[in-house]
Amino acid sequence: MKGTLGFRRTALAGAVLATALGGGAFLVACGAGGQDGGGATAGGAARLSVADSYIPMPPAGGMAAGYLTVRNEGGEDDELVKVSSPGASSVTMHRSTASTMEQVEKLDVPAHGALQLARGGTHLMIMGWQKAPVLGDELELDLTFTRTGTISVKVPVKELTYRPGQQ
Ligand SMILES: [Cu+2]
């Protein structure tokens with residue numbers, strides 16, 4: 001009798017434990033799914049995404065600036081080494097200094113950090129538009145990174161005074 005009761009308790013405890021473990025495994029699976037399948041390399045390779053991209057409407061026939069943020073959620077640095085566009089003959093990377101701006105060959109995208117191209121700082125210079133841009137147009141930019149390869153984004157042409165986060 002005593003032995004049988006003891007066995008039942010053990011079996012019950014086992015069933016509870018199995019349920020708890022099952023729930024835990026389910027949560028882990030959900031977490032991995034939210035990372036776009038990148039869970040296996042978490043903390044390893046660079047994982048890039050582009051946000052807040054825009055081009056302030058340039059004066060007629062003039063050169064345009066391009067701004068965007070490249071986030072790196074991975075554990076490895078990357079660097080932007082080339083930008084091109086099927087809709088413009090020249091896209092270069094510029095860094096603003098106190099009085100002028102200079103072209104740069106590459107821009108760092110630090111691990112667990114971001115590369116920010118913003119007004120008054122680093123930016124893209126877009127020249128030779130195939131078709132004069134109008135508000136609401138989107139220009140494809142192909143961003144090439146040392147490790148990640150090329151990411152293509154459609155960048156909207158906004159009014160001259162536009163800033164991300166306001167409409
Ligand atoms: Cu410039």
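From a predicted model like this one, the values you see are computed outputs, not experimental measurements. Numbering of ligands and ligand atoms starts at 1, following listing order.
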Taking the Cu ion (ligand 1) as the center, what protein N, O or S atoms are found at less than 2.8 Å?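 Those protein N, O or S atoms (cut-off: under 2.8 Å from the Cu ion (ligand 1)) are H94 ND1, M101 SD, H123 NE2, M125 SD.
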Angle between ring planes, Y67 versus Y54, binned at 30° and 60°: parallel, tilted or perpendicular?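 The arrangement is tilted - the two ring planes meet at 30° to 60°.
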Strictly distance-based, threshold 3.5 Å: is any side-chain N or O of [X] a donor or acceptor partner for the main-chain N or O of [Y]?
| X | Y | value |
| --- | --- | --- |
| D52 | T69 | no |
| D108 | E79 | no |
| Q130 | P86 | yes |
| D142 | V83 | no |

May I ask you to decide whether K131 forms a salt bridge with D137, counting only side-chain N to carboxylate O separations under 4.0 Å?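 A salt bridge links K131 with D137.
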